[in-house]
Amino acid sequence: MKQRLHLIILCAVLVFGACSERREYREALARAEAVMGDRPDSALLILDSLGQHEPEFGRHFRMQYLLQRTNAQNMTDVKFTSDSLAKELANHFDSHGTTNERVLAHYLLGRAYSDMGEAPRAISSFQDAVAAADTTVKDFDFYLLCCVYSQMASIYRRQLLLTDEIEARSKASHSASRANQIQWAIYCQVMSAGAYILLNKKDSAEIILKSAIEQYREHGFTQQALRYSRSLIHLYTESPQRLAEAKALMDQFEAESDLFDEHHELPPSQRQYYDYKGKYFEGINQLDSAEYYYRKIYFKGMPFVAQDPMFRGLLSVFTKRHQADSIAKYARLYGMANDSSIALKDRDVVAQMTASYNYSRYQLKAVESEKKFYQTLSLLIGLSVCFILIIIAIFFAVKRYKQIQERKRLELIKRHQEEEARIKAVLNETTEEYNRKVESLQILEETHRLANVEATKTISELRTEKDNYQTEFAKAQQTITEANTIYEQEKAKLTDEIASLSEKIESYKREQGVAVALRKKDDLEGESIIVKLRSMAEKPKDTITEDDFCLLEQTISNYYPALILDLKQNPKFSNSDRQVCIMTALKFRPGDIVNLTGLTSSKVTNAKEKINMLLFETKSASSLHQNLAKRYDI
């Protein structure tokens, strides 16, 4: 028992120690990731130190470590010479990684192919990185996506695929904005301006550069705004009409830029600016100043090929001065430098084209195009089948809907007829009872009158006879009083009953009016011309004919003669006005009225306003049906 307890304790200690080591390793990896963006060299040192324990890593943690180490190497400009590790990382994280890890793995594979000069494979890997991106994830790394698009754009620039470059730069700028990397977002816009210049779309380039410079200034990046204003200076010096704008930008650049040293000189990497300034002075015909600045392009140790702008500018100046010996000298130097530049460019282009053909760039495109064609064909076939099925379903649904609506309409007509018959019977019964009560009241009044006559006669006789007058008179008076009381009670009761029956009769008459109106409407809806128009309204190309309209007016006059009479008596109503009015009364939808009359929506609205004004003195189109229904009991 004690041996088992000791064994359990030993295992617990070993497990706790292993977990402690893994926690230390993860903390070290987390520290490296934390400093990767700002200090990639420090991150690489941490990862190299952590690499001593690589044999102790689990597979997934090892792949995470290698991913971050490869990323650190990339950020410290280590040139990749193989794609084996990058491919292993991409394959692993496609199945086991997070969204950011998958994007980073394919991005690093693309960087490896780019360093190896395999442009098509690099582009393919970058596109895989984009495909792996899920921008809906809460912690998605938009800055990494910006780097992917920027690398794609650089490759497109080298292969002179400028339209593709512009698209990639735009997506890179958008991703940088999502990552709150404003400076990078603006920089990507500036780089796209260069592609527009190469496409000879200088107006577009100018718009982009002005916008970028303004954004730099808005966000406080004043020096970046000054540096990239040189691209605008370059554009303006190419046009004699814009030299004044170039001068304003040059003055601002020289007054505010921090690129100049204490002697107000630019470093070798920035001396291209003197070429723009030389062009400006040459443009305003100050050839001495132009020569001075063209010569300032040169710096000690400058490659011969890089002297091409200086030789070109000096050749232009001496040509304008007609100095034959200097022209000959700088023409020869410019030709040599230009030939060398062309040779270098040709060598680069040949290398890129060789790489492209080595990996069957165009064959891949052809395969992709064929694949897309069959996918599109399959999609079209599928959509066609779905469309046919939908049409069939709609046909049967409409047919079923019409059957249901027709059955409902017939049931409604039947209910209206039954209700009308019931109300008519109740009204007849109530009227008979009312007549009986009135007859009873008349009988009561006649009886009361005769009783009074009899009592009066008795009193007269008693007065004449003088005998027992007082006694009989009192009895007669009491009889009269009792008769009057009974009469008043019976009269009040009958009067109340008659009033109640009168109210019921009025109510039943109103219900009968409604029932009659409903039957009238049912009968109207069953008229052949109305049925025909309801059917035509569903077919936009069918419009009402003159014969149909005549039949419609004649049919409506049988039901609502006052409406047709008012329309025809007013000479201001045209045929189209009368059509709109009648169809509005029949509650046709505005779209149906447009289809049936062939008028536009605005003309239909105007006609409704006109009718409403002339008939009801109301300047409105929406209230026309309500007014028609109220006046003509529609």
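Every value quoted in this text rests on a predicted model; they were computed, and no experiment measured them. Sequence positions, counted from 1, serve as the residue numbers for this chain.
His234 places no side-chain N or O within 3.5 Å of a backbone atom of Arg230 that could act as its donor or acceptor partner. For Asn71 (side chain) and Leu67 (main-chain N/O), no donor-acceptor pair under 3.5 Å exists by modelled atom type. Proximity of a side-chain donor or acceptor of Asn74 to a complementary backbone N or O of Thr70 within less than 3.5 Å is not detected. A distance-only check finds no donor-acceptor pair linking the side chain of Ser173 to the backbone of Ser170 [under 3.5 Å]. A donor-acceptor pair is defined here as one N or O able to donate and one able to accept, closer than 3.5 Å; such a pair exists between the side chain of Ser125 and the backbone of Arg121. Not a single donor-acceptor pair under 3.5 Å links the side chain of Arg26 to the backbone N or O of Arg23. Using a distance-only test at 3.5 Å, with no hydrogens or angles considered, a donor-acceptor pair links the side chain of Glu101 to the main chain of Thr98. Of the possible polar contacts, one joining the Ser154 side chain to the Ser150 backbone as a donor-acceptor pair under 3.5 Å is found.
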Report the C-alpha separation of His96 and Met63 in whole Å, then their side-chain angles, then the decisive distance to 0.1 Å, and conclude whether the side-chain contact (heavy atoms from CB on, under 4.5 Å) test is met. CA-CA 10 Å; His96 303 92; Met63 299 306 288; over 6 Å; no
Begin with the C-alpha distance, continue with both residues' side-chain angles, and end with the deciding distance and a verdict on side chain to side chain donor-acceptor pair (under 3.5 Å) for Thr136 and Asp134. CA-CA 5 Å; Thr136 61; Asp134 183 359; 2.5 Å; yes
Evaluate Ile213 against Leu232 for side-chain contact (heavy atoms from CB on, under 4.5 Å), listing each step before the verdict. CA-CA 10 Å; Ile213 291 169; Leu232 276 179; 3.5 Å; yes
Could you go through the side-chain contact (heavy atoms from CB on, under 4.5 Å) check for Tyr236 and Ser239 one step at a time? CA-CA 5 Å; Tyr236 292 160; Ser239 174; over 6 Å; no
From CA spacing to verdict: side-chain contact (heavy atoms from CB on, under 4.5 Å), Leu29, Phe61: CA-CA 10 Å; Leu29 184 63; Phe61 182 77; 3.7 Å; yes
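Ring orientation note: the planes of His219 and Phe221 are close to parallel, at an angle under 30° on the 30°/60° scale. Using a 30° and 60° split on the angle between ring planes, Phe142 and Phe140 fall in the perpendicular class, above 60°. Ring-plane geometry between Trp184 and Tyr187 is classed as perpendicular, the angle between the planes exceeding 60 degrees on a 0 to 90 degree scale with a lower cut at 30. In this pair, Tyr107 and Phe126 present their aromatic rings tilted. The plane angle is within the 30 to 60° band.
With contacts defined as side-chain heavy-atom distances shorter than 4.5 Å, the pair Lys296/Glu265 qualifies. Within the 4.5 Å cutoff, no side-chain heavy atoms of Tyr216 are placed close to those of Gln223. Looking only at side-chain heavy atoms (C-beta outward), Arg169 and Tyr149 stay at 4.5 Å or farther from each other. Residues Val130 and Val148 form a side-chain contact, since some pair of their non-hydrogen atoms from C-beta on lies under 4.5 Å apart. Cys147 places a side-chain heavy atom less than 4.5 Å from the side chain of Tyr143. With a 4.5 Å cut-off on side-chain heavy atoms, Tyr273 and Ile233 count as touching. A heavy-atom distance below 4.5 Å is not found between the side chains of Asp141 and Val103. Contact check for Leu599 versus Val594: no side-chain heavy atoms found under the 4.5 Å cut-off.
Once rounded to the nearest 0.5 Å, the distance linking OG1 of Thr237 with CD of Glu245 reads 11.5 Å. To the nearest 0.5 Å, atoms OG (Ser114) and CG (Leu108) are separated by 12.0 Å. How far NZ of Lys171 is from CD1 of Ile166: 13.5 Å, rounded to the nearest 0.5 Å. Note that the CD atom of Gln151 and the CZ atom of Arg111 stand 4.0 Å from one another [nearest 0.5 Å]. To the nearest 0.5 Å, atoms CG (Leu162) and OG (Ser192) are separated by 11.5 Å. Summarising the geometry, atom CG belonging to Leu44 is positioned 8.0 Å from atom CE belonging to Met36; distances are rounded to the nearest 0.5 Å.
The two residues Ala212 and Ile186 make their nearest non-hydrogen contact at O-CG2, 3.4 Å. Listed here is the closest heavy atom pair of Ala205 and Ile197: CB-CG1, 3.5 Å. Ala621 approaches Lys608 most closely through the heavy-atom pair CB-CB, 3.7 Å. Between Glu254 and His264, the shortest heavy-atom contact is O-CE1, 3.2 Å. Residues Phe253 and Leu226 come closest through the heavy atom pair CD1-O, 3.4 Å. Closest non-hydrogen pair, Gly278 versus Ala290, comes out as O-CB, 3.4 Å.
For Asp261, there are no salt bridge (Lys or Arg N to Asp or Glu O under 4.0 Å) partners two or more places apart in sequence or in a different chain. Scored by the side-chain hydrogen bond (donor to acceptor under 3.5 Å, both in side chains) test, Tyr113 finds Asp83 as partners (sequence neighbours excluded). Ser211 pairs by the side chain to side chain contact (heavy atoms under 4.5 Å, CB included) definition with Gln189, Gln215, not counting sequence neighbours.
Salt bridge Glu56/Arg62: absent, no basic N to carboxylate O contact under 4.0 Å. A salt bridge links Arg321 with Asp288: the closest approach of a Lys/Arg side-chain nitrogen to an acidic carboxylate oxygen falls below 4.0 angstrom. For Glu214 and Lys210, the salt-bridge test fails: no basic side-chain N is under 4.0 Å from an acidic carboxylate O. Look at Glu206 and Lys202 and you find no salt bridge, because none of the NZ, NE, NH1 or NH2 atoms lies under 4.0 Å from a carboxylate O. Between Asp275 and Arg312 there is a salt bridge, since at least one side-chain N of the basic residue sits less than 4.0 Å from a carboxylate O of the acidic one. For the pair Arg102 and Asp128, the salt-bridge criterion is not met [side-chain N within less than 4.0 Å of a carboxylate O].
Ring centroids of His53 and Tyr25 are separated by less than 6.0 Å, placing the two rings close together. Between Tyr276 and Tyr274, the distance from one ring center to the other does not fall under 6.0 angstrom.
Screening Lys279, Glu282, Lys277, Arg271 for a side-chain hydrogen bond (donor to acceptor under 3.5 Å, both in side chains) with Tyr293, the sole residue that qualifies is Lys277.
Other residues, nucleotides and ligands contribute over 12 non-hydrogen atoms within 6.0 Å of the CZ atom of Phe281.
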